[in-house]
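Order of the sequence lines fixes the chain letters, A, B, ..., with proteins taken first and strands second; residue numbering starts at 1 for each chain.
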2 protein chains.
Amino acid sequence: MVRQPQINAQNRPPLSTERIIEAALHIIDGQGLGRLTMRRLGDALEVEAMAIYHHLPRGKEQLLDGLVAHVGAAPADLPGALERAAGWRDALRRWAHDYRARLLEHAGVLPLLVTGRNPAALAETTASLREILRQGGLPEVPAAAAAHALLAFVLGHAALEVRGTAEGAAALRATEGPVDWNTRFSAGLDLVLNAVNPG
Amino acid sequence: MVRQPQINAQNRPPLSTERIIEAALHIIDGQGLGRLTMRRLGDALEVEAMAIYHHLPRGKEQLLDGLVAHVGAAPADLPGALERAAGWRDALRRWAHDYRARLLEHAGVLPLLVTGRNPAALAETTASLREILRQGGLPEVPAAAAAHALLAFVLGHAALEVRGTAEGAAALRATEGPVDWNTRFSAGLDLVLNAVNPG
DNA sequence: ACCTGAACACCGTTCAAGT
DNA sequence: ACCTGAACACCGTTCAAGT
C-alpha cells in the first residue's frame, strides 16, 4: 500500500470544511435537521466535536451557512444551459427540474433556506436565471421579476411537496386524494414560464 | 373591582393553549425562532416551563405544530372574498397580499412551514383557493394546479424577501442594488394570475 | 385540575492543554 | 497546526409531589 501523506497517524483523512459539510448533510438526509448536533457530527467524522471549531470558528452557525450554500447555490450553468436546450424556456425548465430535485433530496435543509442566513448563497443562482431571461429578449426589470418569480415558485413548491408527502399527511391524502407532485410541478412551472412573454 | 373567576390566586389569567401560542409567537417575532425555549416561554407566561406540558402534552413539538396552524392556516374567506372583490382574480390578489403580509410579520415561523410538520394546517387554505378558481370557471384539475402554484409562489417569495432583507444582505444590496420587494411581489403575482386563463 | 421542584440526559461553546 | 478533555451554562422532558 502506497504511503498517503494526507492520512494521519489514526489512518483517517484529515478534517476539512468540505468533509464536515458532507457529513452534516448525510446526517440531515438520514435523520433530519433536528438531529444534527456538533457532537453527533464529531462522531460521524471520528473526531471530538470540538475539533470542528478549528475549521469552522463560528461553530454551528457557520456550519448551517455552509449547508445553505451547498444546497441552495445552484446556478443555471449559463454557458451550457442555452446551448444544450431548445431555447431559453427549455433551459429554465431544465434548471427548475434540477433545482427541485436538489431541494427534495435535501429537504431537511429547506428550513435553513427560508431564513436570513447566508443571504449571498442564492445570488449567483438568481443572477444566472436573470441572464437567461435577458438573452431570451426580456428587458432588465421584467427579467429580474421573472427570475424571482420562478425561483419563488420552485422553492415554494418544494415546501408544499415536503408537507404533502410527510408521514403525517396520510390522513390528508385520504380525504383530499393523492397528488401526483411531478405532474403538479410541471403544470405550475409551465404556468409560470408561459406567463413570461417573449419566445 | 369586580371579581373575576378566571383569575386565580396569583392574580393572573390561567394558562390556555391560545395564550401559550401567542406568547410563543411574541418571542419568535421579537427574538427569533432559535430563542424560543420552553423555559423562556414559561417565564413570559409567569409560570414554570413544566406547566406548559399540562396543556401541550406533546411538548415543544405540539407547540410548533400549533404555530404552523396559527400562521399558515389563512383560508381565503370564501363567501366574502368574491363578493367584496372585482372578480376572482382580484379576490386571489387580495388574498395573496394578505397572506404574504402575514408570513412576513411572522417570518420566524417560515422555517416551520416548509417542514412536514402539521401537514393538515394548509389544507383549508389550498381548498379555498381552489374553490375560488373553480367559481372563476376553471375545471377541477387546472384549478388544483393553479391553487398550488399560487400558494407556492407566495410562500417562496416570502422566503426570498426574508433572505433579501436580512441584516447580512447589506453587502448583497451594495453589489446588486436595492430591491423594491412590494413591486417585485406584485409583478410576480400578476405573472402567475395572468397565466391562469379564464376571466 | 393545575402547577412546582428536582433530576436526567442531552446541547453549543470556551479554554487550557496536549501532540 | 490540529485535536482533546474538562467544564459551563444552557436545553427538553420525566416524574413525584404539592395545592
Undergrad: If you compare every side-chain N and O of His55(A) against the phosphate oxygens of dC3(D) (OP1, OP2), does one of them come in below 4.0 Å?
TA: yes

Undergrad: Reading DNA chain C 5' to 3', how would its secondary structure be written in dot-bracket notation, given Watson-Crick and G-U pairs with both distances under 3.5 Å, brackets [ ] for crossing pairs and | for partners on other strands?
TA: ||.|||||...|||||.||

Undergrad: Any donor-acceptor pair under 3.5 Å linking the side chain of Thr125(B) with the backbone of Ala73(B)?
TA: no

Undergrad: I want to verify a distance call: between dT13(D), dC3(D), dG12(C), whose nearest atom is closest to the Arg39(B) side chain?
TA: dT13(D)

Undergrad: Just checking, is any N or O donor in the side chain of Glu161(B) or His157(B) under 3.5 Å from an acceptor N or O on the other one?
TA: yes

Undergrad: Can you measure Leu41(A) atom CG to dG12(C) atom P for me and round it to whole angstrom units?
TA: 9 Å

Undergrad: Atom CE of Met50(A) and atom C1' of dC3(D): how far apart are they, to the nearest Å?
TA: 11 Å

Undergrad: Over how many whole Å does the gap from Leu63(B) atom CG to dT13(D) atom C1' extend?
TA: 14 Å

Undergrad: Taking the minimum atom-to-atom distance to the side chain of Met38(B), which one of dC3(C), dT13(C), dT13(D) wins?
TA: dT13(D)

Undergrad: Report the distance from atom CD of Glu46(A) to atom P of dC3(D), rounded to the nearest whole Å.
TA: 13 Å

Undergrad: Can you figure out which of dG12(D), dC11(C), dT4(C) approaches the side chain of Glu48(B) most closely?
TA: dT4(C)

Undergrad: Any donor-acceptor pair under 3.5 Å linking the side chain of Arg163(A) with the backbone of Leu113(B)?
TA: yes

Undergrad: Grab the NZ-P distance between Lys60(A) and dC11(C) for me, whole Å please.
TA: 9 Å

Undergrad: Using whole Å, report how far CZ of Arg35(A) lies from C1' of dG12(C).
TA: 17 Å

Undergrad: To the nearest Å, give me how far apart CG (Leu45(B)) and P (dC3(C)) are.
TA: 10 Å

Undergrad: Is there a donor-acceptor pair closer than 3.5 Å between any side-chain N or O of His106(A) and the backbone N or O of Arg102(A)?
TA: no

Undergrad: Has Arg40(A) got a side-chain N or O lying under 4.0 Å from the OP1 or OP2 atom of dC10(C)?
TA: no

Undergrad: Using the rule that Ile, Leu, Val, Met, Phe, Trp and Tyr join whenever any side-chain heavy atoms are under 4.5 Å apart, tell me whether Tyr53(A) and Leu56(A) fall into a single cluster.
TA: yes

Undergrad: Of Pro57(B) and Ala49(A), whose nearest nucleotide on DNA chain D comes first from the 5' end?
TA: Ala49(A)

Undergrad: Going by heavy atoms in the side chains, are Trp181(A) and His148(B) under 4.5 Å from each other?
TA: yes

Undergrad: Any side-chain to backbone donor/acceptor pair from Arg40(A) onto Ala49(A)? Under 3.5 Å, distance only.
TA: no

Undergrad: Between atom NE2 in His54(A) and atom C1' in dA17(C), what is the gap in whole Å?
TA: 14 Å

